[in-house]
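Worksheet for the structure shown next.
These numbers were taken from a predicted model, which means no experiment stands behind them.
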Amino acid sequence: MTAEKVLLVILDGISDRPCPELKGLTPLQAARKPNLDRVARDGICGIMDPIAPGIRPGSDTSHLNLLGYPPEKYYTGRGPLEALGTGIRMEPGMIGFRCNYATLDDQGRVIDRRAGRIHQTDDLSRAISEKVDLSEMGVTFDLRSGAGHRAALAFQGDGLGACVSSNDPKKEGVAPLRFRELRDSAADRKTAEALNIFVEQTNAVLGRHPLNLSRRSEGLAPANTLLIRGAGEMGFFEPFPERWGLSGSVIAAATLIQGIGKAIGLQYVPVAGATGSIDTNLGGKVEAVRNELESREFVLLNIKGADEAGHDGQAKEKKEFIEKIDASLGPLIGIENCLLVICADHSTPCSIRDHSADPVPIVIRGDGVRTDSVRTFDEYSCAGGGLLRLPGSALMPVICDLIDRAKKYGA
Ligand code: ZN
Ligand code: ZN
C-alpha cells in the first residue's frame, strides 16, 4: 500500500541554532510538541539543504526549489510573485513590483515609510487606478492593495524591462529617489520613465484624496506616496499538475507564498483570519487542508509565525508558537491515504535575526514508507535519521517515488 495524496507542511523558518535564553537548546528542541514527535517516530527523518549547503535561502527561492522549480531558472525577483499573491493576473512579460504606501512631509521628504501603519488602502489604490494614466507611454497598469501599508503594482506594455532601481531611500528624512535603468537598455529606460511618471501622478492623486485629508485632520500620517521596489519580469512556469502529475492547492497567509502557488498553478485557498503572524487562525488553515485533501492530490500548507519570531530574535516566543503549531496539527496526522511531509523552508536563527543556510529538519510519514530510530522532531535528532541529508531539489522526486508516481530511469 502506498499513499495517493500528499500534504506538504512547510513550517516557515522554524529551525534555529542553540539559544542562550533556552539554555542552549533550539526552540524546536525546547518546545513540547507531541504531534510533531509522533510523526518523527512513525516516519523517516533527515535534514535538508533547502537550496544548497551555505546558501541562505529566501522564502521565495526556497519554496520554488522545494516544489521543483529551480530558482536559478524560474526566479525573477519578488515583485511578480507578490503581485500574483495580491491578486493581479500576471502574464509572462509583465513587470511586477512591491509597494509601500508612505508619508512625505511638505518638503517632499519621506517621514514614515509605512504611512503610520495604515490599515486599509483600497480606496487609495482605486483612486490611483482611475486617475493615473500612462497611455502616453503605451503602458497599462494594475495596482492592488495588500495587507496594511503594502500594495503591488504591475506594468504591461511593449518593450518594458525589469532592470530598474527603486525609489525607496530606505531611510527617513530624505526625498524618494528617481527611478533609473540599471543597465544601458531602452526597455529598462522605458520602465524607469513610466515609473517616474506614475509616481508623479500618484502623488497628485493621493495629496488631495479625502482619506488623506481626514487622516491629516486627525493627526495621522497621510499615505501620500508609493515607494516601489523588487522589479521583476513575470516568467513562464510549467504548471505543477503537468510537471508532477498532481492536482494541488496552496494554503498560506503570506502573499509571497500565495503568489508562488498561483505562479505554478496551485489553487489558492483563502482562509479567514490567516495573518502570517503568531496570532494566525491555525485551526482555520488546518480545516481548509482537510477540505482540500478531499478533492486534491497535493496540498501545500505554509505556517509563517515562527519565522517572524526568529526575525525578532524572540526565542521564547518562537518556542511557544511551535507549541501552538503542534497542538493545531493533530487533525492532520491521522488522515488516511496521505503522505505527510513536514519540513522548513530555511532556518531563521534568533541569534542572527535573519535566514541562515543551516539545514532544516524534515520528516516523511506514510503507508509503506521506511522508518528509522528518530523519536523527536528537531534539528539534532533528525540529523541521525534515515533520509540523511537531502538537497531541496530532491524533495518532489522523493515524494513522487513514495506515492508511486515516479517514472523508472532506464530499463
Ligand atoms: Zn521562509
Ligand atoms: Zn523570514
Side-chain angles (χ1 to χ4, degrees), residues 78-90 94-106 108-134 139-156 166-170 172 175-176 179 194-231 252-259 262 268 270-277 279-280 304 308:
R78 187 161 171 170
L81 300 171
E82 288 277 354
L84 274 166
T86 312
I88 298 175
R89 273 188 73 91
M90 294 293 290
M94 285 172 74
I95 313 293
F97 311 89
R98 312 166 63 194
C99 313
N100 274 12
Y101 276 94
T103 306
L104 298 178
D105 67 7
D106 294 338
R109 292 175 302 211
V110 178
I111 49 169
D112 189 335
R113 292 180 60 247
R114 299 189 178 92
R117 296 242 171 210
I118 189 166
H119 292 300
Q120 247 303 346
T121 64
D122 283 335
D123 286 350
L124 302 177
S125 295
R126 212 169 300 123
I128 294 167
S129 302
E130 280 165 15
K131 293 181 183 139
V132 170
D133 181 8
L134 300 176
V139 173
T140 56
F141 73 92
D142 197 341
L143 172 71
R144 303 281 174 100
S145 290
H149 59 280
R150 298 183 193 88
L153 171 69
F155 279 180
Q156 190 165 30
S166 164
N167 67 336
D168 186 350
K170 293 272 169 76
E172 285 158 7
F179 296 96
L195 282 166
N196 284 320
I197 297 170
F198 177 81
V199 168
E200 211 170 286
Q201 293 187 23
T202 288
N203 289 357
V205 171
L206 293 176
R208 52 174 189 264
H209 194 280
L211 177 68
N212 278 331
L213 300 179
S214 79
R215 283 181 72 84
R216 270 183 190 278
S217 67
E218 288 165 43
L220 296 170
N224 57 8
T225 196
L226 278 170
L227 299 176
I228 303 172
R229 64 193 189 284
T255 49
L256 183 63
I257 309 302
Q258 295 168 11
K262 290 175 183 173
Y268 164 60
V271 174
T275 58
S277 295
D279 62 354
T280 194
K304 181 92 176 127
E308 203 179 70

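- Side-chain atoms of Glu82 never come within 3.5 Å of backbone atoms of Gly259 as a donor-acceptor pair (strictly under, hydrogens ignored).
- Rounding to the nearest 0.5 Å gives a distance of 11.5 Å between CG of Asp112 and CG of Asp105.
- Atom CZ in Phe155 sits 9.5 Å away from atom OG1 in Thr140 (nearest 0.5 Å).
- What you find for Arg229 and Ser166 is that their closest heavy atoms are CB-OG, 3.6 Å.
- Other residues, nucleotides and ligands place no more than 12 heavy atoms under 6.0 Å from the CD atom of Glu200.
- Under the 4.5 Å side-chain criterion, counting only non-hydrogen atoms from C-beta, Val110 is in contact with Leu104.
- Put simply, the side chain of Leu227 reaches to within 4.5 Å of the side chain of Pro169, judged on heavy atoms.
- Put simply, the side chain of Ser145 gets close to the backbone of Thr121: a donor and an acceptor are under 3.5 Å apart.
- Between Phe198 and Phe179, every side-chain heavy-atom pair lies at or beyond the 4.5 Å cut-off.
- Side chains of Leu195 and Asn167 form no contact here, defined as non-hydrogen atoms less than 4.5 Å apart.
- Annotation: side chain of Gln201 is not in contact with side chain of Lys131 (no heavy-atom distance under 4.5 Å).
- A donor atom on one side chain and an acceptor atom on the other are found under 3.5 Å apart for Ser125 and Tyr101.
- In this structure, the separation between CD1 on Ile88 and CG on Leu143 is 7.0 Å, given to the nearest 0.5 Å.
- Of the possible donor and acceptor atoms, one in the side chain of Gln258 sits under 3.5 Å from a partner among the backbone N and O of Ala253.
- To the nearest 0.5 Å, the span separating CZ on Arg208 from CG on Asn203 amounts to 11.0 Å.
- For the pair Thr86 and Ala152, the tightest heavy-atom approach, listed with the atom from each and the gap, is OG1-CB, 3.6 Å.
- Residues Asn224 and Arg216 meet the side-chain proximity criterion, which asks for heavy atoms closer than 4.5 Å.
- For the pair Ala223 and Arg215, the tightest heavy-atom approach, listed with the atom from each and the gap, is N-NE, 4.5 Å.
- Between Arg78 and Leu81, every side-chain heavy-atom pair lies at or beyond the 4.5 Å cut-off.
- With contacts defined as side-chain heavy-atom distances shorter than 4.5 Å, the pair Arg150/Thr255 does not qualify.
- Taken to the nearest 0.5 Å, the CG atom of Leu220 stands 8.5 Å off from the CD1 atom of Ile118.
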